[in-house]
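Here is the structure we will look at.
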Amino acid sequence: MEHMIQLHIEKLPEGVYLATSDEVQGLIAQGRTLQETVEIARDVAKKLIESQTDVTDASLPPLTESFDYPLIVAV
């Protein structure tokens with residue numbers, strides 16, 4: 001089953017990216033690039049969701065055919 005979660009990603013002064021999520025307790029991921037950070041966050045989220053199956057079923061809705069996707073465009 002797929003779930004959609006919101007990530008909060010920020011670039012730290014050290015030049016690395018940090019991802020967290022209010023929806024998956026304990027999700028913290030850090031990477032050198034944005035892509036690497038998202039990939040690490042996906043792996044961490046999967047492991048955390050699998051380990052918390054009782055809580056997850058009630059708190060994370062399954063992915064649907066339509067959803068909102070935050071897109072950031074720098075100009």
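Since this is a predicted model, take the numbers as computed values, not measurements. Values reported hereafter were calculated over all heavy atoms of this structure, with side chains retained and with hydrogens, waters and symmetry mates removed.
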- For residues Tyr17 and Ile9, report the shortest heavy-atom separation together with the two atoms involved.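 Here Tyr17 and Ile9 meet closest at CD2-CG2, 4.1 Å.
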- For residues Gly31 and Ile40, report the shortest heavy-atom separation together with the two atoms involved.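 The answer is CA-CD1, 4.4 Å.
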- Using a 4.5 Å cut-off on heavy atoms from C-beta on, say whether the side chain of Ile28 contacts that of Leu18. yes
- Query: Leu7 versus Thr37: any side-chain heavy-atom pair under 4.5 Å?
  - Reply: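 No, side chains not in contact.
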- Looking at CD of Gln30 and CD of Glu36, how far apart are the two atoms once the value is rounded to the nearest 0.5 Å? 9.5 Å
- Query: Rounded to the nearest 0.5 Å, how far apart are CD1 of Ile49 and CD of Gln25?
  - Reply: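 Atom-to-atom, Ile49:CD1 and Gln25:CD are 12.5 Å apart.
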- Task: Decide side chain to side chain contact (heavy atoms under 4.5 Å, CB included) for Val44 and Val24; before the verdict, give the C-alpha distance in whole Å, the side-chain angles of both, and the deciding distance to 0.1 Å.
- Result: CA-CA 10 Å; Val44 171; Val24 179; over 6 Å; no
- Query: Do the side chain of Glu23 and the main chain of Gln6 share a donor and acceptor less than 3.5 angstrom apart?
  - Reply: yes
- Message: Within the supplied structure, the quantity of interest is the number of heavy atoms (other residues, nucleotides, ligands) at a distance under 6.0 Å from Gln35 CD; does it exceed 12?
- Response: no
- Message: A quick test of your reading: do over 12 heavy atoms of other residues, nucleotides or ligands sit less than 6.0 Å from CD of Glu10?
- Response: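 Atom CD in Glu10 is packed in, count exceeds 12.
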- Within one Ile-Leu-Val-Met-Phe-Trp-Tyr cluster: Leu27 and Val16, side-chain cutoff 4.5 Å: no
